[in-house]
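Reading through the structure tokens given below for one structure.
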Amino acid sequence: MDELKLDAVVKTPGGQPSTNEEALEAIADAHPLPRLILEYRGLAKLRSTYTEKLPGAINPDTGRVHTSYHQAGAATGRLASSDPNLQNIPIRTEDGRRIRKAFIAPPGRRIMACDYSQIELRIMAHLSEDAGLLRAFESGQDVHRATAAEVFGATSPEDVTSDQRRAAKAINFGLMYGMSAFGLARQLGIARGEAQDYIALYFARYPGVRAYMDRTRAQAKDQGYVETVFGRRLYLPDINARNQGLRAGAERAAINAPMQGTAADIIKRAMVAVDAWLRPRAARALMIMQVHDELVFEVDADFAETLRSGVVACMRDAAALRVPLVVDTGFGDNWDEAH
DNA sequence: CGACTCACG
DNA sequence: ACGTACGTGAGTCGT
């Protein structure tokens, strides 16, 4: 970067000039090299982590890849997956999806994927009891579109542009992570002041969400922990630290953990229910993977619809919140098609 | 073994 | 004023 006079705009946690995707993207217009490096890195990652590793992970006795799930692997209550990690199989790029297509159903069977729709935002609606958010989910609206209509003042959700919806989606996700105006600005490529305006507008339209977040921070500082809907706690030893960076990090974790943790509780309850439902039907279908808000099955082709209705009921009824839980399902001969 | 990067929700 | 979005696992590189 020195030689080509390209300025680094991002620093690593160690204070060095970063060469990560964001940093290279920022200087890609000044020289052809950054984009070539990104392209190479993306392909090298897919090859070294997946293409060259997964075939060696096939168990010769079963002909399958078996991951390890860790029940207490993540602080929030999520499962973790390792050796190999099957919770980070690519999906976001076309080349990546070629990896996912390699996970196939045996002859005569199909893959079924079932995922919770917007589960963490639904939990935020439940916990905050915010009237606008509850209404959006109760009426089955596209919640990012509804948020965009509120924040950007569209007369109706149909008038929301794709850019407005994208910005609203970033706001919705960012809020659940305890983001700042700076973080939103960076995510959207806009000025800090503009991002701050969006956030202020959001909280004006969804006052229950702001009150909930203030409550959660206060409770964390007071009690030293936050908890999920079902009462499972995450202790936050840094929540009152004098070191501002540590303290701010703990505050963001305090905001996020009840939502991420409740979602983890709910899908685990669903898995127990699915297991019980499936037990007398074990020859017809297997629950084979969990990916945080998704369950994956293999199923006899002629049993697929029966499985779908059984699993959807288990997942939908795993918790009774102030908003409905919605489950999306898909089938395919491979995991990619099932989405 | 730590730092960095990047795959996923 | 300050740093700046949550939670993971794994590959590569340098020490």
Side-chain angles (χ1 to χ4, degrees), chain A residues 10-25 37-54 57 67-70 72-93 95-97 99-100 113 115-121 123-124 169-188 192 195-196 199 213 216 226 228 234 236 242-264 267 289-296 335 339:
Chain A
V10 182
K11 297 256 193 287
T12 69
Q16 299 300 311
S18 174
T19 71
N20 69 15
E21 182 170 358
E22 184 191 352
L24 294 185
E25 222 27 91
I37 293 173
L38 285 173
E39 195 177 325
Y40 170 78
R41 278 209 196 135
L43 293 168
K45 178 84 170 188
L46 293 178
R47 186 173 64 176
S48 68
T49 306
Y50 304 104
T51 310
E52 293 179 344
K53 287 295 185 306
L54 288 173
T67 186
S68 296
Y69 284 112
H70 311 281
T76 53
R78 277 189 176 180
L79 296 183
S81 160
S82 70
D83 309 296
N85 182 358
L86 294 186
Q87 292 182 323
N88 72 344
I89 299 302
I91 194 171
R92 292 173 188 171
T93 68
D95 279 327
R97 281 199 288 276
I99 309 279
R100 194 168 276 243
D115 67 281
Y116 283 112
S117 169
Q118 308 292 358
I119 187 164
E120 291 187 18
L121 275 175
I123 292 163
M124 185 163 86
K169 186 175 176 179
I171 294 170
N172 279 330
F173 276 102
L175 278 169
M176 292 193 295
Y177 298 155
M179 67 159 185
S180 62
F182 180 94
L184 181 64
R186 190 175 58 181
Q187 176 70 30
L188 292 177
R192 266 186 305 280
Q196 185 52 60
I199 292 172
M213 289 186 172
T216 303
V226 292
T228 67
L234 175 67
L236 297 157
R242 259 79 72 199
N243 180 312
Q244 182 212 310
L246 283 181
R247 192 174 64 244
E251 287 177 11
R252 293 192 296 270
I255 295 297
N256 179 256
M259 293 177 268
Q260 189 180 126
T262 298
I267 196 168
M289 284 188 283
Q290 188 254 43
V291 192
H292 309 307
D293 66 353
E294 170 187 12
L295 297 177
V296 183
W335 191 11
H339 279 269

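Residue A:Ile91 is in sugar-phosphate contact alone, with no base atom involved, counting any heavy-atom pair closer than 4.0 Å across all strands shown. Heavy atoms of A:Asp115 sit nowhere under 4.0 angstrom from any nucleic acid atom.
Listed by first then second residue, pairs satisfying salt bridge (charged side-chain N to carboxylate O under 4.0 Å, His left out) with a partner in residues 243-257 of chain A read A:Lys221-A:Glu251, not counting sequence neighbours. Every pair passing side chain to side chain donor-acceptor pair (under 3.5 Å) that includes a residue from residues 38-47 of chain A is listed here, sequence neighbours excluded: A:Thr19-A:Arg41.
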Protein-nucleic acid N or O pairs under 3.5 Å, nucleotides 11-15 of chain C:
{"unit_1": "C:dG11", "atom_1": "O3'", "unit_2": "A:Ser48", "atom_2": "OG", "d": "3.4"}

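By the 4.5 Å heavy-atom criterion applied to side chains, A:Met179 and A:Gln187 are not counted as neighbours. Residues A:Met259 and A:Tyr177 have side chains not in contact (no heavy-atom distance under 4.5 Å, counting atoms from C-beta outward). Side-chain atoms of A:Met213 and A:Leu175, non-hydrogen and from C-beta on, do get closer than 4.5 Å to each other.
Atom CG of A:Leu38 is separated from atom C1' of B:dA7 by 15 Å (rounded to the nearest Å). With rounding to whole Å, A:Arg92 atom CZ is found 8 Å from B:dA7 atom C1'. If you take CG of A:Leu43 and P of B:dC6, they are 13 Å apart, rounded to a whole angstrom. Residue A:Leu86 contributes atom CG, which lies 14 Å from atom C1' of B:dG9 at whole-angstrom precision. Regarding A:Tyr40, its OH atom lies at a distance of 13 Å from the P atom of B:dC6, rounded to whole Å. Protein atom CD1 of A:Ile99 is 10 Å distant from nucleotide atom P of B:dC8, rounded to whole Å. Summarising the geometry, the separation between NZ on A:Lys11 and P on B:dA3 is reported as 18 Å, rounded to the nearest angstrom. Regarding A:Asp95, its CG atom lies at a distance of 15 Å from the C1' atom of B:dC6, rounded to whole Å.
A donor-acceptor contact shorter than 3.5 Å links the side chain of A:Arg100 to the backbone of A:Ile89. Side chain of A:Thr228 to main chain of A:Pro258: no donor-acceptor pair is present (N/O by atom type, distance under 3.5 Å, no hydrogens or angles).
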Exercise for review: I would like to know whether A:Gln260 and A:Thr76 meet side chain to side chain donor-acceptor pair (under 3.5 Å); could you show each step before the answer?
Suggested key: CA-CA 6 Å; A:Gln260 189 180 126; A:Thr76 53; 2.8 Å; yes

Exercise for review: Evaluate the side-chain contact (heavy atoms from CB on, under 4.5 Å) criterion for residues A:Glu22 and A:Arg186: first the C-alpha distance (whole Å), next the side-chain angles of each, then the deciding distance (0.1 Å), finally the verdict.
Suggested key: CA-CA 10 Å; A:Glu22 184 191 352; A:Arg186 190 175 58 181; 3.2 Å; yes

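In terms of phosphate contacts, A:Thr19 brings a side-chain nitrogen or oxygen within less than 4.0 Å of OP1 or OP2 of B:dT5.
Residue A:Trp335 is tested with A:Ile99, A:Val291, A:Ile91 for a side chain to side chain contact (heavy atoms under 4.5 Å, CB included); the sole match is A:Val291.
Nucleotides C:dA5 and B:dG2 are separated by 23 Å at their P atoms, to the nearest Å. Here the separation of C:dC2 from B:dC6, taken at their P atoms, is 30 Å to the nearest Å.
Applying the ring-ring contact (aromatic ring centres under 6.0 Å, His included) criterion to A:Phe173, with sequence neighbours excluded, gives A:His144.
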Study note, to complete from the structure: Nucleotide by nucleotide, nucleotides 1-8 of chain C touches protein heavy atoms under 4.0 Å in the pattern (B base, S sugar-phosphate only, - none) -B-BBBBS

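A:Tyr69 contributes atom OH, which lies 12.5 Å from atom CG of A:Asp83 (distance to the nearest 0.5 angstrom).
Helical stems in DNA chain C, defined as runs of 3 or more consecutive Watson-Crick or G-U wobble pairs with donor-acceptor distances under 3.5 Å: B:1-9 with C:6-14.
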